[in-house]
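For reference, the structure is listed below as structure tokens.
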2 protein chains.
Amino acid sequence: MTDDTWSPPHILLAVDLVILTLRETHLHVLLVERGIEPYRGCAALPGGFLHNDREGLLAAAHRELDEEADLDATQLHLEQLGTYGDANRDPRGRVVSVTYLAIAPRLPEPTAGTDAARAAWRPVDAIVSGELPLAFDHDVIIADGIERARSKLEHTPLATAFCEPVFTISDLQQVYEAVWGVDLDPRNFYRKVQKVPNFLLPVDAERRVTKGRPARLFTAGPATTLHPPIPRPDHTASRQGE
Amino acid sequence: MTDDTWSPPHILLAVDLVILTLRETHLHVLLVERGIEPYRGCAALPGGFLHNDREGLLAAAHRELDEEADLDATQLHLEQLGTYGDANRDPRGRVVSVTYLAIAPRLPEPTAGTDAARAAWRPVDAIVSGELPLAFDHDVIIADGIERARSKLEHTPLATAFCEPVFTISDLQQVYEAVWGVDLDPRNFYRKVQKVPNFLLPVDAERRVTKGRPARLFTAGPATTLHPPIPRPDHTASRQGE
DNA sequence: GAAATAGTGTCTTTGAGACAATATGCA
DNA sequence: TGCATATTGTCTCAAAGACACTATTTC
């Protein structure tokens with residue numbers, strides 16, 4: 001940064017959270033109902049303004065996660081998604097929002113009696129289709145968050161962050177199918193994820209109640225990137241005509 | 001965002017740029033010399049504080065690109081890299097910096113007589129190795145920018161942004177080799193990039209002066225993502241020194 | 001001619017995807 | 001038993017990488 005002269009900035013810095021989870025095989029995002037203008041009564045991402053007392057951005061994200069979603073921030077995958085600062089995105093003035101993407105395992109309804117009482121899980125389908133209008137540019141932020149999650153499923157063990165600490169390969173497949181919005185062959189998926197080194201660690205001699213044959217249980221391994229990756233099925237079949 | 005009470009924020013918002021280019025087969029980044037404290041005389045990324053008069057973040061990035069690098073912002077690939085807001089990253093107070101990654105073709109030395117007079121291209125090797133100390137956390141920002149560029153080479157036509165409007169496949173290979181820091185087989189590379197639909201468009205019946213056989217010329221095609229990708233060699237193995 | 005760079009062919013290994021076949025539980 | 005889910009096997013095709021070989025220029 002340089003040493004420009006500048007007028008005293010009247011900029012407010014906010015932190016907003018895109019918290020994704022899986023409910024009933026569908027991807028959901030946590031939204032709150034706004035209590036005041038602008039966009040009063042409208043659905044919006046949980047978030048808030050930065051505390052100026054030397055609070056770091058990531059620390060602020062964790063604080064909002066705790067305050068608004070009543071989620072234990074520890075053990076939750078959290079990463080910076082992007083910063084949104086269009087001049088007119090907030091009618092109150094210049095608000096720049098740093099957004100974070102959080103991935104959570106299956107979770108109960110937000111607890112009443114807390115800041116999170118106004119919060120609820122919403123299926124992302126209703127948002128991307130425009131059925132559920134959102135405050136500010138939060139629809140764009142959510143779309144970016146979903147795309148980020150989709151992309152990271154290919155190369156990172158992010159899918160395990162949607163699962164319980166111990167899970168079956170079928171559980172894992174449901175994550176991929178829900179986030180990507182596709183159907184995958186269970187047999188090929190099974191072999192593929194098992195072949196990636198350090199992706200899944202078998203939990204010795206365990207099983208689980210279901211209808212058919214019991215499934216082996218796994219935990220997330222130490223891998224940070226997947227080699228080879230789990231490729232997302234072709235969503236753009238285009239060919240060159242030379 | 002919610003409706004928290006908050007103390008009036010004393011936050012300064014800056015925009016910093018990681019401008020990468022290729023010079024003599026090595027990746028370089030544009031750095032300026034700081035004129036005032038803190039870090040006076042130290043190398044730093046070009047950038048500056050946001051003008052508060054409803055200037056968008058991307059617009060601010062373009063403005064700094066023009067002011068400090070004297071580069072024509074049009075035709076330059078520019079994307080948001082990340083936002084850095086650690087509480088103590090700037091001794092003057094709370095400065096949150098939104099960073100952008102810019103990719104430029106081979107460029108001349110920064111023009112004298114402008115804001116860019118203090119600017120110079122520096123090899124990234126000297127920075128990641130710690131030989132050239134940087135102001136603030138700019139070493140981390142540059143490292144993140146390089147990693148972003150490396151990753152995007154695999155799945156996007158970003159490499160063409162390092163090239164002139166018309167280029168040979170050999171030129172393109174040099175980009176991949178410089179950014180990834182590896183050696184690639186020219187014959188496999190040749191076939192591979194040509195096989196990706198809409199990546200390269202042949203320029204009809206052109207050639208270029210060199211020592212050996214003339215090479216065909218290409219321009220960037222309309223592809224936004226590469227199917228199949230150009231895979232980065234296993235970087236757990238060898239790296240090239242020099 | 002030799003040297004240098006551009007471009008093609010071919011072989012081997014590996015992974016992706018389709019899908020048959022087998023295993024093991026529950027009603 | 002029959003059904004449902006889990007797991008294994010096999011086949012085909014495409015892609016990655018190694019590398020011999022041909023093509024076209026300058027010297």
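A, B, ... follow the sequence lines: proteins, then strands. Residue 1 opens every chain.
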| query | Of B/Ile230 and A/Leu217, whose closest DNA chain D nucleotide lies nearer the 5' terminus? | reply | A/Leu217
| message | Please give me the minimum heavy-atom distance between A/Glu33 and A/Arg118, naming the atom from each residue. | response | O-NE, 2.9 Å
| query | Think A/Arg187 has a side-chain N or O under 4.0 angstrom from the OP1 or OP2 of C/dG17? | reply | no
For nucleotides 10-14 of chain D, print each protein N/O atom paired with a nucleotide N/O atom at under 3.5 Å, atom names and distance only.
from   : atom 1 : to       : atom 2 : distance (Å)
D/dT10 : O4     : A/Arg191 : NH2    : 3.3

| said: How many whole angstroms separate atom CD of A/Gln194 from atom P of D/dG9? | reply: 12 Å
| remark: Rounded to whole Å, CZ of A/Arg216 lies from C1' of C/dG25 at a distance of 14 Å
| request: Ignoring backbone atoms, test whether A/Lys195 places a side-chain nitrogen or oxygen under 4.0 Å from the OP1 or OP2 oxygen of C/dT14. | output: no
| request: Check every strand shown and say whether A/Pro186 touches a base, only sugar-phosphate, or nothing at a heavy-atom separation below 4.0 Å. | output: nothing
| message | Could you check whether any side-chain N or O of A/Glu79 sits under 3.5 Å from a backbone N or O of A/Leu101, counting only pairs where one atom can act as donor and the other as acceptor? | response | no
| field | Spacing of B/Lys192 atom NZ relative to C/dG7 atom C1', expressed in whole Å | value | 16 Å
| Does B/Leu81 offer a backbone N or O that forms a donor-acceptor pair with the side chain of B/Arg148 under 3.5 Å? | yes
| said: On DNA chain D, does the nearest nucleotide to B/Asp185 precede the nearest nucleotide to A/Tyr190 from the 5' side, or the other way round? Give the residue. | reply: A/Tyr190
| Stepwise, does the side chain to side chain contact (heavy atoms under 4.5 Å, CB included) test hold for B/Thr156 with B/Thr224? | CA-CA 6 Å; B/Thr156 76; B/Thr224 57; over 6 Å; no
| query | Side-chain contact, heavy-atom cut-off 4.5 Å: A/Leu31 with A/Ile142? | reply | yes
| query | Quick check: does any side chain N or O of B/Glu164 sit under 3.5 Å from a backbone N or O of B/Pro105, one acting as donor and the other as acceptor? | reply | no
| remark: From CZ of B/Arg207 across to P of C/dA4 the rounded distance in Å is 21 Å
Dump the pairs, protein N or O against N or O of nucleotides 3-5 of chain D, anything under 3.5 Å, distances to one decimal.
from  : atom 1 : to       : atom 2 : distance (Å)
D/dT5 : O2     : A/Arg213 : N      : 3.3

| request: Check whether any side-chain N or O of B/Arg89 sits under 3.5 Å from a backbone N or O of B/Phe136 as a donor-acceptor pair, and report yes or no. | output: no
| What integer distance in Å separates A/Leu200:CG from D/dT7:C1'? | 15 Å
| request: Using atom NE2 of B/His227 as one end and atom C1' of C/dA16 as the other, report the distance to the nearest whole Å. | output: 15 Å
| task | Mind calculating the distance between CG (B/Leu184) and C1' (C/dT5) to the nearest angstrom? | result | 17 Å
| said: For B/Phe189 and B/Tyr176, I'd like to know if the aromatic rings sit close, meaning centre-to-centre distance below 6.0 Å. | reply: yes
| field | Whole angstrom value for the distance that separates P of D/dC19 from CG of B/Asp183 | value | 14 Å
| request: In plain terms, say whether A/Lys192 and A/Glu154 are close enough for a salt bridge, that is, a side-chain N and a carboxylate O under 4.0 Å apart. | output: no
